[in-house]
Amino acid sequence: MSKQLVIVESPAKAKTIEKYLGSSYQVMSSFGHIRDLPKKHLNIDVNDNFKPTYEVSDDKKKVVSALKKAAKESEQVWLASDEDREGEAIAWHLCYALGLDPKTTKRIVFHEITKSAITEAIKHPRVIDINLVDAQQARRILDRLVGYELSPVLWKKVRPQLSAGRVQSVAVRLIVEREREINSFTPTSEYRVNAQFKLEDTQLPAELNTRFKNLEETKEFLEGCIGSKFTVSKIDDKPGKRTPGVPFTTSTLQQEASRALGFSVRQTMTLAQKLYENGIITYMRTDSPTLSEQSLGNIKDYVINTFGQDYYHRRQFKSKHSSAQEAHEAIRPTDLSIDKVQDEGQNRLYNLIWRRTVASQMAEAKLAKTEITVTVDKRKELFLAKGEVVIFDGFLKVSGRATKDILLPKLSEGQNLDYDQIIGRQNFSKPKPRYSEASLVKKLEELGIGRPSTYAPTISTIQNRGYVEKTDLEGKERPVETITLSNDSLSETVELENYGQDKSKLLPTPTADVTTDFLMKNFGSIVDYDFTAKAEKDFDLVAEGKEKWQAMLQKFYSDFHELVIKSDSVTREESTQTRLVGKDPKSGEQIFARYGRFGPMLQKGDAADEDKKPAFASLPKDTTIESVTLEQALEMFSLPRIVGKTDDGQEITANIGRFGPYIKIDKTFISIKPLDPLSITEAEARTYYLENKEKLSKKYIKEFDSGIKIVNGPYGPYVTDGKKNGKIPKDTDENKLTEAEAKEILAKAPAKKRSFRRKKK
DNA sequence: CAGTGAGCGAGCTTCCGCTTGACTT
C-alpha cells in the first residue's frame, strides 16, 4: 500500500483537496502552527545568537502524534501549508516534529483550491525555502523580545499585568492620540446659504458656491438678494460614472459588515468561519482581492446569462498594500448558484459577499450629471443646483448600494427665477471621527501592522488589558444661528443642534494615556507608526537571502535593550504622572493626583512620612490628573457622605469605589452610575435600594433548609451550595427541582476552578 | 466582580501569528 500524505493548515481545506486528489492521497491538517516558543519565559538565548527554544504546543500534541503516525505509514509526505512566511515556517516545524528532512521533503503550494491548481502543484514540488523560514523566525523572535522585555517594564513602572507589543501598543497609541485630538478640537463655524427657487409646479433647490465667515456677512448677502434678479446663466450636462467595489479581503469585509450590517469584527469572523467550514465561501483570512481564473469564468457566465453581455466587464485585482502576502484568494462564494443560507446572520454576510463578488465583474454605472448656475445680478456669488440620474445601472443591479436620482426641472438659459426662500445656516466643523473596531482595522492595515488572522484578537486584547473601552457617548446641545429671507424680509432664529453623540466607539482609558505617554517617551522607536514597515523591509532582506536573521536581530536588539535598561531610571513619580494639586487647608497636608495601581486617584499626605499612612480617594467624575482642582479634590476626601435613611430606618452612605459611584446600606453595595455620590438625594437613593431589593427577590428561585440554593444566573438557572455550582439540565424544570435532585447535580458538578483573584489581606 | 491605592517582597502577569473547537454554573 503506497500512500501519499498531504499536510495542509486548515481541516476544511483538507476535505476539499482530498476530493480532488483521489484515493492514493490522504490529506490531513496541522491546524495552523504546531510548535512555538513556550509561553513561560523568554526562551530566546540573547547571548547565543538568539537561539530559540521551540516546543510542540500543548493543544497540538494530539495533532502532532496523529500526523507522525500517518507520516510513518506513508511512502511520501507533501507539505502543503500556505505560501507565505508563516506557512513556510509551519512546513519547517512539521519536519522537526515528524522527523522529516527539511532539505528533501516535498513542499508544494497553491493560491486557490481548484482541481487544476492542486494537480499542477503536485507536478512541481520544491523543498522548503529556509530563507523564508528564517524571516518568520526573525519576526517571531522580534515580537517575543519586544513583548517580553517591554511588558515587565510596564509592570514595574506603571501597573502589573499590563502588556506591550509591536501591534497592540500602536493600536492603543492611535486611539489615545485621536481622543486627544478630539478633546483639543475647537469647532469653527461658517454659514451655508441654500435657496429654493419657485417654478410653476415644482421647486429648484440650489446651494451658494460661497460660505460666509459670520452672521453679518450672511445677512449682508441676503439683504443684497432683496430686489435682485435671479437668472439661469448656464446649464451644464456632463456624463458621470460609478465603479464597483473590489472583492473582499478580511479587512474590507469587516469594514463593510460593520457599515452595512452593524456587525462587530468578531461577529463577522465567526459567521464567515461557519460559511467557510460549510464550503459556501473561500477562505476568510486573506489579504488578497484576487479572483481565481476559474471563478472569473464562472462569474462571467453568470453575469452574461442573467443580465446580458452589456452588463459584463472583466476585472482582476491586486492588493494595494505592500505588506500583503497574498497566500489566498479574495473572499468569494464557492458556488454562485447558492443564493441563500439557512442561518440568518450567515445569510446576511453571505449576501454581502455574493453581491460584492458578482458586482466586481460588472459594467460601470453610467450617470447623466446636470449643473445649473443661477446668478444674482447685484452679487458675484452664484447658486448651483446639481442633478444626477442613472442612465445605465450596470453593477448597481446587484451591488445593493442605494442610489437616489436627483432630477432637475427643465429650464432654459437666460430664464429668470423667483425665490421662495433663501436660508443661511451656521455650520460647525467636526473633529476627526473616533475609531470604531472596523476603522481601526482599516488604519492598521494601511500602516501594514497586524495580519488578517490577528485583527479580531488584537481588538479583544486591547480591551481585555484595560486600555480601551467600547463606548456609546451622549451628545451635547449647542445653538445654531439661522437667517431666513422670505417675501423680501429677513428673520433670525436660533435652533438647538445635537452634536458629539457616538456609538460603539473605541475610547482610551486612563491606563492607555499613562502607558502611551510612558512608551512614547522611553520607547519611541517601538511605538513609531513606521516601526513595523521598517522591520518588514528587514524581514524581506532575510527572505531574499541578503541578510542573516541573527545579524538583523542583533542590530535591532542592541538598541532596544539599551532603552530597556535606560528606562529603569525613570522614577515612579514621573511614570505615574504625579501632580501636586494643593494643600489641605485643615491639616496642611499635600494633595497629589496621580496614576495608582487601579487607575487615576488622589492622595493626601506624603507616602515618605513614616508616621502617617496617606489617605486615598478616587478622582471625581469627568476630571483627569491634569484637570482636577483643589476644591474638587477636597470634596472627594469628604466621602463617604451620609445621604439619609431608607424607609425602614437604615443609614445610606454614598462613595466612589473601584466600579464607580455606589451607595451602601448595611453591607449591601449598589452601583448608582451615572449619578454622583456628592449630589445624590435621599429619594433617589431609596429608589435604587428598592430596585435592588426587587432584583434580589428574583435572583433566588428556591433555598432548601440545607443551604443549597437554586439561582437564576446569566447563563441560566444553576444550583449552588456556596462552594460548588452545578448546571441544571435543559429538560429539567428548575422550579420543580427537589433537594435530592439538587444534591445529585452538585455531586456530579466539577470542582470550582481556581480563580486568580488577588489575595485578601 | 466588589469597594483598593505607600512600602516591604513572595510569585504571578506578557508578545504575534497560524488554526479550530469547547461552551461558560
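Sequence lines set the chain letters: A, B, ... in the order given, protein chains first and strands last, and positions in each chain run from 1.
Counting to the nearest Å, the P atom of B:dA2 and the CD1 atom of A:Ile672 are 20 Å from each other. Rounded to whole Å, atom P of B:dG9 lies 13 Å from atom NZ of A:Lys156. Straight-line distance from the CG atom of A:Leu602 to the P atom of B:dA6: 14 Å, rounded to whole Å. Between A:His41 atom NE2 and B:dC12 atom C1' the separation is 11 Å, expressed in whole Å. Between A:Glu589 atom CD and B:dA6 atom P the separation is 17 Å, expressed in whole Å. With rounding to whole Å, A:Leu519 atom CG is found 13 Å from B:dT14 atom C1'.
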**Report entry** A:Arg140 and A:Asp36: CA distance, side-chain angles, deciding distance, salt bridge (charged side-chain N to carboxylate O under 4.0 Å, His left out) verdict
**Finding:** CA-CA 9 Å; A:Arg140 179 68 189 92; A:Asp36 193 14; 2.9 Å; yes
Q: Using the salt bridge (charged side-chain N to carboxylate O under 4.0 Å, His left out) rule, take A:Lys621 and A:Asp676 through it: C-alpha gap first, then chi angles, then the decisive distance, then the call.
A: CA-CA 8 Å; A:Lys621 223 175 114 189; A:Asp676 189 337; over 6 Å; no
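By the 6.0 Å contact criterion, NZ on A:Lys61 is enclosed, its count of non-hydrogen atoms from other residues, nucleotides or ligands being greater than 12.
On the C1' atoms, B:dG9 is 16 Å away from B:dT13, given to the nearest whole Å. The gap from the P atom of B:dA2 to that of B:dT25 amounts to 15 Å, rounded to the nearest Å.
A salt bridge is absent between A:Asp343 and A:Lys274; no separation between the charged side-chain nitrogens and carboxylate oxygens falls under 4.0 Å. Remark: A:Glu635 does not engage A:Arg641 in a salt bridge, criterion side-chain N to carboxylate O under 4.0 Å.
The aromatic ring of A:Phe669 does not sit over the base of B:dA2, since the test of centres under 5.5 Å and planes under 30° is not met.
No contact: A:Ser57 has no heavy atom under 4.0 Å from any strand. Among the atoms of the strands shown, only primed sugar atoms or phosphate atoms (P, OP1, OP2) are found under 4.0 Å from some heavy atom of A:Arg594.
Residues meeting the salt bridge (charged side-chain N to carboxylate O under 4.0 Å, His left out) test with A:Asp568, sequence neighbours left out: A:Lys156. When the salt bridge (charged side-chain N to carboxylate O under 4.0 Å, His left out) test is applied to A:Glu739, no partner is found at least two apart in sequence or on another chain. Every residue was checked against the salt bridge (charged side-chain N to carboxylate O under 4.0 Å, His left out) condition with A:Glu83, not counting sequence neighbours, and none meets it. Applying the salt bridge (charged side-chain N to carboxylate O under 4.0 Å, His left out) criterion to A:Glu86, with sequence neighbours excluded, gives A:Arg139.
With the nearest nucleotide of DNA chain B identified for both A:Pro152 and A:Asn655, A:Asn655 has the one nearer the 5' end.
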Protein-proximity profile, nucleotides 15-23 of chain B, B/S/- by nucleotide at the 4.0 Å heavy-atom cutoff, equals BBBBBS---
Parsed dot-bracket for DNA chain B after applying the Watson-Crick and G-U rules with both distances under 3.5 Å and | for other-strand partners is .........................
